[in-house]
Amino acid sequence: MQHWSWIWAAVESALQAQAQNLMHWTAFCFGLGIAAYFGVPREPGPLVFLAACLSAGLCVGLAIRFRTGIARLLIVIAALAGGFAWSQYRAHAVSGPVLSERFYGAVQGRVVGIDRSLSEKPRLTLDHLVLGSLPQHATPNRLRVALHGRAQEYMPQIGDIVLLAAHLSPPPGPAEPYGYDFQRQAWFAQLGAVGYTRSPVMIWRAAPADQGGLIVQKWRQKIGAHMAAHMPARTAGVAVAITVGDRMYLDREVQQSLRAANLSHLLAISGLHMGLLTSLVFFLTRALLSCLPYLILNWPIKKIAAMMSIGVGAGYLMLSGASVATERAYIMAFTIFAAVLLERRAITLHALAIAAILVLLLRPEALLGPGFQMSFAATGLLIIVFNAMSQWTWAARWPWGTRYLMGSVVSAVVAGLATAPIAAAHFNILRHYGVLANVVAVPIMGFVVMPSAILAAALAPFGGEALGFWGMTLGLGAILDVASHVADLPHSVSHIKAPPPGVLGLLAASVLFGILWQGRLRYLAVIPACATLICWVMSPRPDVLISGDGRLVGVMVQGTRVLNVAKGSGFVARSWLENDGNPISQKSAYRAMPSWLEIVDKGSHPMRPCQAALVVVQDWRSEPACDGFDLEALATAGGVAGRFDSSGRLQWITVRQAIGHRLWNSAELRDAKGPDPAGLNAR
């Protein structure tokens, strides 16, 4: 009994030590619960949802009852169960019809979004759909269609009702097992179909003057078009992107140079832009009000400036499209200025934890995206580092310019270190000169571009925005020159292979545990963190990959993936090669095919023992053998990946096995009758 008392006392003491980080642990476990929901192989049923809700409620009730160290443990357990249940509710709340098979015919819909595809084609997002004779209950809530050929001759406006003839299909699954899952993203965006059209887009009815819920999108479109018409093409795309979050006018070469120089974060309206804007508004408002002695003596001008910054930030949030990064940035800014109003300390990890919880409450699926991960990783590490640097009393004696330069270098290094593993996992690249580019470009953005943007906005009602546009053009031109120069440096980018499933999540959990835990136990986090990195480096890529339609086969030969066709299935081919860490062109991968390797696809004639096979891969390292798949099996599997075992036989895993049986990829679950797990299915 005494032995158990000692253990209980030790546990209680360890939990008491975490009291100051309770908000952080709550956010961490809430995210862990969300990750658990998305990680399970089968869609949880209503009993699981009910159990998670009851567990969360029971833990909260017990925590209120005990009010001890155990109570804190109960709170984080409640957050874990709550994150799981909330994600399940969200997945059912956005439920909508998904196209069950390919469709070609007349499409009528309202334009609610205009952007560009990866192939630089204009792309429309439509709602209020009518698809030929398709019943309304089977018609998706939204679809996205790319405009090819003659379809680009006339671009509709936000709110227009359009008619077009389109080739549509259900949102595609991952290009390979454990690859990027567009089906899941489309489900939460309520996209039930994607496709393209080559016929001209006809305006059935022009957008009414009263746009209702589309008024903000209409403003964004008009502002973007006005900026593009009155600024040089090279800088206009970047200017529109950082002002209204619209990348419609961005040139691909500009994006590539910014990405290679690790400056692509400047395009995302996030903490940098929101922080610069709200800070400038705060200091300018405070400076203007300070010009009047009466206001200084009788009005709380600091709090008035904070309220002005909160309002301007909210307007910028709506105008920019309210992406995940922008939401996080605004919540952080709101927390900071709310702390000014309440006369509390502003920039802390507590504020970041609150921002994470609020963003995940709005969109729990954001946890899986690079925007959320990179934004919070960079901000969190910057807060930790600068809080530590604030204790350096000797640095306070340095000249202002020296302190600013040191802060810029430290910010670039810290943000780069925080986001490097995430960028490598999602985009398969590491930038080597990103610190150099950011040290030069970020001050230009802060001291030239953003003040010029504010000036343009202030003068626009009087027709004087050209002065602000001129300043933005100068600043953005300098930033693009920096990006181009850095991108052209030798060995500026390294390509990294995709990590095995779960590696990035385990790495993030290990690092967060090491940061948050108070006590010597935190040092144990080094073990799983190092193990995940070793696993990432040592894990091999699949020896064989076959696409779901049987058209594309890729075989790893001496560290290089060779492909069976020089064109076609371009997106899948590019995904495979990028995940290999070797993003050569599809034509180069086809030309690298050695003469002794035989790949027989559905367009070829099988040879020797494989007469009935549709897709054949011959093992060149053992006796002649082959593995075959027919079209029906491949379509059901969604594509396959194979690795050679010790005996020289291929061991296969399908995309279907990797993604599991979930709402966004299972027609059976979507069409199932009876009560839905969340009890509030929006269909």
Side-chain angles (χ1 to χ4, degrees), residues 16-28 31 72 265 270-276 278-279 282-283 302 306 309 313 325 328-359 372-422 435 438-439 442-443 446 508-523 525-526 529:
Q16 288 285 3
Q18 315 310 315
Q20 61 179 339
N21 285 344
L22 180 60
M23 181 61 71
H24 310 150
W25 283 111
T26 301
F28 173 75
R72 298 180 178 88
H265 66 92
S270 57
L272 174 65
H273 307 79
M274 186 67 73
L276 289 172
T278 54
S279 297
F282 177 80
F283 289 114
K302 185 177 180 180
S309 298
R328 192 274 308 162
Y330 178 70
I331 292 171
M332 283 293 297
F334 179 87
T335 305
I336 290 169
F337 290 113
V340 172
L341 294 175
L342 299 174
E343 300 180 358
R344 299 288 183 89
R345 188 181 176 189
I347 305 176
T348 67
L349 286 176
H350 282 80
L352 188 66
I354 293 172
I357 292 173
L358 291 177
V359 169
F372 178 92
Q373 295 168 8
M374 297 177 74
S375 179
F376 279 89
T379 305
L381 194 56
L382 283 170
I383 291 174
I384 292 171
V385 170
F386 277 100
N387 282 345
M389 290 176 61
S390 65
Q391 308 300 320
W392 298 355
T393 55
W394 49 270
R397 296 191 294 270
W398 289 1
W400 179 87
T402 304
R403 281 183 284 138
Y404 177 80
L405 180 61
M406 184 182 71
S408 299
V409 173
V410 170
S411 297
V413 172
V414 169
L417 289 174
T419 58
I422 302 170
V435 172
N438 277 275
V439 168
V442 171
S510 303
V511 171
L512 285 171
F513 181 86
I515 292 173
L516 299 180
W517 186 266
Q518 301 299 305
R520 294 182 179 178
L521 195 62
R522 69 195 306 172
Y523 300 112
V526 175

I need the [X] [atom1] to [Y] [atom2] distance, nearest 0.5 Å.
X    : Y    : atom1 : atom2 : value
F334 : L358 : CZ    : CG    : 9.5 Å
I331 : I336 : CD1   : CD1   : 12.0 Å
I515 : I384 : CD1   : CD1   : 4.0 Å
T335 : I354 : OG1   : CD1   : 5.5 Å

With [X], which residues qualify under side chain to side chain contact (heavy atoms under 4.5 Å, CB included), at least two apart?
X    : answer
H24  : N21, L349, H350, A353, L516
A509 : F28
V439 : L405, V409, A412, V435
L382 : F386, S411, V414

So which heavy atom on [X] is nearest to which on [Y], and how close?
X    : Y    : value
A306 : L341 : CB-CD2, 4.1 Å
T419 : A378 : CG2-CB, 3.9 Å
G313 : T278 : CA-CG2, 4.0 Å
A333 : M274 : CB-CG, 4.2 Å
A377 : A418 : O-CB, 3.6 Å

Next on the checklist: So does F282 get a backbone contact from the side chain of S309, meaning a donor-acceptor N/O pair under 3.5 Å?
Outcome noted: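 Answer holds: yes.
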Next on the checklist: For W25 and F513, take the angle between the two ring planes, folded into 0 to 90°, and tell me which bin it lands in: parallel under 30, tilted 30 to 60, perpendicular over 60.
Outcome noted: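 Plane angle over 60°, so perpendicular.
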